[in-house]
Amino acid sequence: MRIVFWQNCLSPHQLPYIAHLMDDERVDEVVVVADEAVSEARKNMGWNVGNYAGLERCGIVMHPNDDEINALFSQRQEESWHLFSGIHGFPYLFHCLEISLAYNVKRGMITELPNTFAFGRKNGKPLWLHKLRFLLQDRNYAKHMDKVFAMGKKAVSYFQSVNNSWAVYPFMYCTQPLEGTCFPVGQGPTKFIFVGSLSYWKAPTALSCSLASCLRKNKNFDGILTYVGDGVLRMQLEKYIEDNDLQDHVVLAGFQSQTEVPRWMQKNDILVLPSIYDGWGAVVNEALQAGLYVVCSDACGAADLLNDEKLGKVFHAGDANELSEIMSWCNDNISVIRNNADWRRQWAKEHIDGVVLAKYMVDCLCEEPTNLLY
């Protein structure tokens, strides 16, 4: 089997499993085609391509011209799967998809639930409008897609609803664990961490509101919250912290590079991801691989991983009271949470590692998935 990925950039959230596809005897060629290595926006977020053992066995093609694109589709047509990052999501990839229609190849998508908050909550597009856009814009291309790898159960449900002929599989993003590090059991105050942009749909201010509620309602609460990230809501967040006397309980670490995030996680006990939208939330993977407990909203695709209370808890997006109750519970049960850190790291190795995800993808392409991911 030959697998060709068509991506807008080389993603550190997909390369960790792509690097292991050639481990499978059913796969003899893997090619990653990307419009660019790392987009400018992601460079500003500290992203880089990184190093992945096994990726040297894969072909990497950057922004091929039309002749090169045609050559990629013409090779081993009946043995090839071409997996695109959506249909109309990126102009260059849509151009490549259109070229592919002249060839007898199998096609699939790797995609998230549409972002209904892409333009802000007040004028975001609800899912029914995305479905309408699909019918008007994407329907003619849908018949050329055979499989969809969807990020989270909500995405699976959505893509099944827009085209009932697709084989839709639950999928996830994947991260590279930090190797060779000692993880001592934490001590002292309960340490919460937020990792992400300080943007509207990540809801960082809701988290500080829940923290203030914990301090008011629970006399035994001694949590410390660290924000790793920066963005347009920083000034609003700083004002809330000052107005509510949270300075002794909040650390604003600012922007940190992608390579530094795992080290920040090691200093903490619990990741909190309160997003009102998150296509997946790869920081959940990183946190579990580091042994952290995870609290996230049900608007995150990665919430589907938290089906065991030893892994974490899920709350309704936007419900600051429910979040504060969970944070207070975490503080009261911090010893148990810390003692289960090794269990979470082992669970992550067995369930969300790149090796596991690579085999699952090949099983799905061969229509042999014995177990779904979640």
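Model, not experiment: these values are computed from the prediction.
Both cation-pi conditions hold for Lys310 and Trp343: the charged atom is under 6.0 angstrom from the six-membered ring centre and inside a 45 degree cone around its axis.
Salt-bridge check for Asp304 with Lys154: failed, with every basic side-chain N at 4.0 Å or more from each acidic carboxylate O. The pair Lys349-Asp353 does not count as a salt bridge, with every side-chain nitrogen at least 4.0 angstrom from each carboxylate oxygen. Contact check on Arg76 versus Glu29 returns a salt bridge, with a Lys/Arg side-chain nitrogen under 4.0 Å from an Asp/Glu carboxylate oxygen. Salt-bridge check for Lys106 with Glu79: failed, with every basic side-chain N at 4.0 Å or more from each acidic carboxylate O.
A donor-acceptor contact shorter than 3.5 Å is absent between the side chain of Asn268 and the backbone of Ile270. Between the Asp319 side chain and the Asn321 main chain, a donor and an acceptor come within less than 3.5 Å of each other. Panel note: side chain Ser213, backbone Cys209; no donor-acceptor pair is recorded below 3.5 Å. The backbone N or O of Leu215 sits nowhere less than 3.5 Å from a side-chain atom of Lys219 that would complete a donor-acceptor pair. For the pair Tyr169 (side chain) and Val156 (backbone), a donor-acceptor distance under 3.5 Å is absent. Side chain of Ser328 to backbone of Glu325: no donor-acceptor contact under 3.5 angstrom is found. Here the side chain of Glu368 pairs no donor or acceptor atom with the backbone of Cys364 at under 3.5 angstrom. Between the side chain of Arg2 and the backbone N or O of Gln75 there is at least one donor-acceptor pair closer than 3.5 Å. A donor-acceptor pair under 3.5 Å links the side-chain atoms of Glu56 to the main chain of Gly54, judged by distance alone. When atom types are taken as modelled, the side chain of Glu322 and the backbone of His316 share a donor-acceptor pair closer than 3.5 angstrom.
Atom CD1 of Ile69 is separated from atom CG of Asn65 by 7.0 Å, given to the nearest 0.5 angstrom. The CE atom of Met22 sits 11.5 Å away from the CG atom of Leu55 when rounded to the nearest 0.5 Å. Note that SG of Cys96 is 8.0 Å distant from CG of Asp35, once rounded to the nearest 0.5 Å. Distance check, rounded to the nearest 0.5 Å: CH2 of Trp329 to OG of Ser324 gives 14.5 Å. The CG atom of Leu21 lies 9.5 Å from the CE atom of Met1; values are rounded to the nearest 0.5 Å. Distance check: Asp23 CG to Lys359 NZ gives 12.0 Å after rounding to the nearest 0.5 Å.
Side-chain contact between Phe84 and Gln7 is absent, with no heavy-atom pair separated by less than 4.5 Å. You'll find the side chain of Lys153 reaches within 4.5 Å of the side chain of Tyr374, heavy atoms only. A 4.5 Å side-chain heavy-atom check between Ser80 and Tyr103 finds every atom pair outside the cut-off.
Nearest approach of Ser297 to Ala303, heavy atoms of both residues: O-CB, 3.6 Å. Here the shortest heavy-atom pairing between Val232 and Ser199 reads CG2-CA, 4.4 Å. Considering all non-hydrogen atoms of both residues, Arg107 and Leu101 come closest at NH2-CA, 3.5 Å. Contact record, Ser275 with Ala317: O-CB, 3.8 Å, taken as the closest heavy-atom pair. Met172 and Leu357 make their closest contact through O-CD2, 3.5 Å (heavy atoms, listed as atom of the first residue, atom of the second, distance). When every heavy atom of Leu211 is checked against every heavy atom of His249, the shortest pair comes out as CD2-O, 4.0 Å.
Among residue pairs with one or both ends in residues 265-275, those qualifying as salt bridge (Lys or Arg N to Asp or Glu O under 4.0 Å) are Asp269-Arg338; sequence neighbours excluded.
More than 12 heavy atoms of other shown residues, nucleotides or ligands fall within 6.0 angstrom of atom CD in Glu350. Residue His88 places its NE2 atom among more than 12 non-hydrogen atoms of other residues, nucleotides or ligands, all under 6.0 Å distant. By the neighbour-count criterion of 12 heavy atoms within 6.0 Å, atom CD of Glu242 is sparsely surrounded, having that number or fewer from other residues, nucleotides or ligands.
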Between Phe5 and Val30, does the side-chain contact (heavy atoms from CB on, under 4.5 Å) criterion hold? Intermediate values first, please.
CA-CA 8 Å; Phe5 294 87; Val30 175; 4.0 Å; yes
Set out, in order, the CA-CA distance, both residues' side-chain angles and the distance that settles side-chain contact (heavy atoms from CB on, under 4.5 Å) for Asp332 and Phe221, then state yes or no.
CA-CA 8 Å; Asp332 294 342; Phe221 188 89; over 6 Å; no
Would Val261 and Glu286 count as a side-chain contact (heavy atoms from CB on, under 4.5 Å) here? Give the steps.
CA-CA 9 Å; Val261 168; Glu286 290 181 279; 4.1 Å; yes
side-chain contact (heavy atoms from CB on, under 4.5 Å) between Arg344 and Val294, intermediate numbers included:
CA-CA 10 Å; Arg344 285 187 289 275; Val294 174; over 6 Å; no
For Phe94 and Trp6, what are the C-alpha separation, side-chain angles and deciding distance, and is it a ring-ring contact (aromatic ring centres under 6.0 Å, His included)?
CA-CA 10 Å; Phe94 177 65; Trp6 296 85; over 10 Å; no
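Leu288 and Val272 sit in two unconnected hydrophobic clusters of ILVMFWY residues. Membership requires side-chain heavy atoms under 4.5 Å apart, directly or through other members. Clustering ILVMFWY residues whenever any of their side-chain heavy atoms sit less than 4.5 angstrom apart, transitively, puts Val336 in a cluster other than the one holding Tyr293.
Tested against Tyr227 for a ring-ring contact (aromatic ring centres under 6.0 Å, His included), the candidates Phe255, Trp264, Phe194 yield a single pass: Phe194.
Neither side chain, Gln160 nor Trp166, offers a donor N or O lying under 3.5 Å from an acceptor on the other. Under 3.5 Å, the side chains of Tyr92 and Glu36 contain no donor-acceptor pair of N or O atoms. Between the side chains of Ser85 and Asn8, no donor-acceptor pair of N or O atoms lies under 3.5 Å. Using a 3.5 Å distance cut-off with no hydrogens or angles, the side chains of His95 and Asp66 do pair a donor with an acceptor. Side chain to side chain, Thr175 and Gln289 meet the donor-acceptor criterion of an N or O pair below 3.5 Å. A side-chain donor-acceptor contact under 3.5 Å links Tyr277 and Glu112.
Checked against the 6.0 Å centroid criterion, the rings of Tyr17 and Tyr173 do not qualify as a close aromatic pair.
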